[in-house]
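Numbering starts at 1 and runs along the sequence shown. The figures that follow rest on heavy atoms only: side chains count, while hydrogens, waters and symmetry mates do not.
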Amino acid sequence: PYKKKKEILNKYKDTEIYFFRSGMLVKLEEDFILINGAKIKKGYYYLNTISKNKFCKITPLEGNIGNEKLSTFSINDLMEQGKMRPIY
C-alpha cells in the first residue's frame, strides 16, 4: 500500500490528495444537503464501511444518524459538498 500511495503522490504532486480508511475520524467542514432536502450538519464523524463503488457510511461521534438509509453517502459528494477531510 505504501508503494501505491507514493506513486499517487508523485503523479498528483500539485493537487490536494486525501487518503481515507474505515474507522478513521473525518471532519465535514460544510453542511451536506441531500437530494431529499435532509441536512447532515458539519462536524466530526467516523468513516465506516467504505465500499468498492466509492460509497461509505458515516457515524457522528454521538452515535447513529438515526435512519440507516441516510447514513450511506458517496465519498465524492462528501468531499465536494461537505468538504470532508481526514483527521490524522
Side-chain angles (χ1 to χ4, degrees):
Y2 293 107
K3 183 179 179 182
K4 185 71 169 176
K5 183 176 179 179
K6 188 175 181 179
E7 288 174 15
I8 292 169
L9 289 171
N10 285 334
K11 184 176 180 181
Y12 299 102
K13 60 185 170 189
D14 295 329
T15 59
E16 282 186 81
I17 299 173
Y18 302 105
F19 293 92
F20 296 99
R21 292 185 317 269
S22 290
M24 78 181 312
L25 186 64
V26 295
K27 180 179 182 183
L28 291 182
E29 296 177 352
E30 302 286 335
D31 290 342
F32 181 68
I33 309 297
L34 303 173
I35 294 171
N36 65 5
K39 179 166 61 170
I40 304 299
K41 294 181 182 180
K42 64 182 179 180
Y44 293 94
Y45 293 83
Y46 289 111
L47 183 62
N48 304 310
T49 317
I50 300 174
S51 65
K52 290 181 182 181
N53 64 356
K54 299 178 186 172
F55 277 77
C56 66
K57 292 186 179 185
I58 59 171
T59 306
L61 297 181
E62 304 82 36
N64 291 331
I65 289 178
N67 184 339
E68 186 67 25
K69 290 182 180 180
L70 291 181
S71 66
T72 303
F73 308 99
S74 160
I75 292 176
N76 291 339
D77 290 346
L78 286 171
M79 288 179 61
E80 290 175 13
Q81 297 174 31
K83 305 291 185 226
M84 180 175 74
R85 301 296 183 255
I87 303 297
Y88 296 109

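The CD1 atom of Ile40 sits 5.5 Å away from the OH atom of Tyr45 when rounded to the nearest 0.5 Å. For the atom pair CD of Glu16 and CE of Met79, the computed distance is 8.5 Å after rounding to the nearest 0.5 Å.
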Compile the donor-acceptor pairs under 3.5 Å between side chains in residues 25-34 and protein atoms, sequence neighbours left out, one pair per line.
from, atom 1, to, atom 2, distance (Å)
Asp31, OD1, Lys42, N, 2.8

Compile the donor-acceptor pairs under 3.5 Å between side chains in residues 47-56 and protein atoms, sequence neighbours left out, one pair per line.
from, atom 1, to, atom 2, distance (Å)
Asn48, ND2, Thr59, OG1, 2.6
Ser51, OG, Asn53, OD1, 2.2
Ser51, OG, Phe55, N, 3.4
Ser51, OG, Phe55, O, 3.1
Asn53, OD1, Phe55, N, 3.4

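Applying the ring-ring contact (aromatic ring centres under 6.0 Å, His included) test to residues at least two apart or on different chains, none of the pairs has a partner in residues 3-25.
Grouping the Ile, Leu, Val, Met, Phe, Trp and Tyr side chains by contacts below 4.5 angstrom, directly or via other members, places Tyr88 with Leu78. Each of Ile58 and Leu61 belongs to its own hydrophobic cluster when Ile, Leu, Val, Met, Phe, Trp and Tyr are linked at side-chain heavy-atom distances under 4.5 angstrom.
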